[in-house]
Amino acid sequence: MTTIAIAAPGAMGAAIGAVLAQHGARVITPLSQRSAQSQQRAQQANIVDCSAEALCEADIILSILPPESALSWAQQMAPLLQSAVHKPLYVDCNAISPETLKQVAQVIESTGTPFADAAIIGLPPGEQNPAGPRLWFAGPHAGKLAQLSDYGLRIRVMNAENGAASALKMAYAGIN
């Protein structure tokens, strides 16, 4: 069974986690520092509580959290990833600039952990958007994420370097 870690069970993270869980993935996130509302969203989405260290045991880590937290969360994860025997694929899905993405990638890749860039385009899956958003992936490890379509997500893999998906989401935000 594929295990996917979600950085934070906010509106988008919990909704994507719910789709993954409904389609057979084991979805985990640390809940001890989260609000009661986030804990409730995670429970409703069948996301399993775990320690921060256990995130490193996942196959894929999806960093979905407020954009201003993307770099600091990567910095918090770096020591755990550095000491982890298993290196999950770390995917930054946050609405950050390509410059910030480069900083996040540097922090993560310095631990020996593979990294991919992602753009989430659209509303969270749910009543307002039954099909869910499209997830665009870029970077040398992006092809490994095509398997997420087997877990209910609408996936597009870009034949592009890290930063291309971040540029796409910035352009999309500018259009809207």
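Small disclaimer: the values here were computed from a predicted structure and weren't measured. The analysis underlying the following values was restricted to heavy atoms, covering all of them including side chains, and did not include hydrogens, waters or symmetry mates.
- Under the 4.5 Å side-chain criterion, counting only non-hydrogen atoms from C-beta, W73 is in contact with L65.
- R41 meets the side-chain contact (heavy atoms from CB on, under 4.5 Å) test with A14, Q37, S38; sequence neighbours excluded.
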The test is side-chain contact (heavy atoms from CB on, under 4.5 Å); show your working for D49 and T29 and say whether it passes.
CA-CA 5 Å; D49 183 21; T29 193; 5.8 Å; no
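- Annotation: side chain of L89 is not in contact with side chain of I61 (no heavy-atom distance under 4.5 Å).
- Side-chain contact between I60 and P88 is absent, with no heavy-atom pair separated by less than 4.5 Å.
- Within 6.0 Å of CD in Q147 there are more than 12 heavy atoms belonging to other residues, nucleotides or ligands.
- V91 has its side chain within reach of F137: a pair of non-hydrogen atoms, C-beta onward, lies under 4.5 Å apart.
- Transitive grouping of hydrophobic side chains (ILVMFWY, heavy atoms separated by less than 4.5 Å) brings V27 and L145 into a common cluster.
- Looking at K169, its side chain does come within 3.5 Å of a backbone N or O of A118 through a donor-acceptor pair.
- When all heavy atoms of A164 and A160 are compared, the closest pair comes out as CB-CB, 3.4 Å.
- Although no hydrogens or angles enter the test, the distance criterion places no donor-acceptor pair under 3.5 Å between the side chain of N46 and the main chain of A21.
- Qualifying side-chain hydrogen bond (donor to acceptor under 3.5 Å, both in side chains) partners for S149, counting only residues two or more places apart in sequence or in other chains: none.
- Remark: L20 CG to D150 CG distance equals 11.0 Å, nearest 0.5 Å.
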Please report, to 0.1 Å, the donor-acceptor pairs under 3.5 Å made by any side chain of residues 119-135, with sequence neighbours excluded.
unit_1, atom_1, unit_2, atom_2, d
N129, ND2, L123, O, 2.8
N129, ND2, G132, O, 3.4

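- Within 6.0 Å of CD on E161 lie no more than 12 heavy atoms contributed by other residues, nucleotides or ligands.
- Counting heavy atoms from C-beta on, the side chains of L55 and I28 come closer than 4.5 Å.
- Neither W136 nor L153 shares a network with the other; the hydrophobic side chains, linked directly or stepwise wherever heavy atoms of I, L, V, M, F, W or Y lie under 4.5 Å apart, form separate groups for each.
- Contact between A146 and I155 at its shortest, heavy atoms only, is CA-CG2, 4.1 Å.
- Residues A42 and L31 share a closest heavy-atom pair of CB-CD2, 3.8 Å.
- Note that the CZ atom of R34 and the CD atom of Q40 stand 15.5 Å from one another [nearest 0.5 Å].
- No donor-acceptor distance shorter than 3.5 angstrom exists from the side chain of E109 to the backbone of F115, with no hydrogens or angles considered.
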In sequence, state the C-alpha distance, the side-chain angles, and the governing distance for I16 and I64, and then conclude on side-chain contact (heavy atoms from CB on, under 4.5 Å).
CA-CA 9 Å; I16 286 178; I64 304 173; 4.0 Å; yes
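- A74 and V104 get closest at one heavy-atom pair: CB-CG1, 3.9 Å.
- Side chains of S69 and S72: a donor-acceptor N/O pair is absent below 3.5 angstrom, by distance only.
- When side chains are defined from C-beta on, I4 does not count as touching D59, because their heavy atoms never get closer than 4.5 Å.
- Residue A138 comes nearest to N162 through the heavy atom pair O-OD1, 3.1 Å, listed as atom of the first residue, atom of the second, then distance.
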Show every donor-acceptor pair shorter than 3.5 Å between a side-chain atom in residues 76-87 and any protein atom, with sequence neighbours excluded, or say none if there are none.
unit_1, atom_1, unit_2, atom_2, d
S83, OG, P79, O, 3.2
S83, OG, L80, O, 3.3
H86, NE2, A58, O, 2.8
K87, NZ, L81, O, 2.4
K87, NZ, Q82, O, 3.2
K87, NZ, A84, O, 3.2
K87, NZ, T111, O, 3.1

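- Taking N94 as the reference, S63, D92 meet the side-chain hydrogen bond (donor to acceptor under 3.5 Å, both in side chains) condition, with sequence neighbours excluded.
- Closest of all the heavy-atom pairs between P67 and I96 is O-CG2, 3.6 Å.
- Here M170 is tied to no hydrophobic group at all, with no ILVMFWY side chain closer than 4.5 Å.
- Separation of atoms OG1 (T113) and OH (Y90) is listed at 10.0 Å; rounding is to 0.5 Å.
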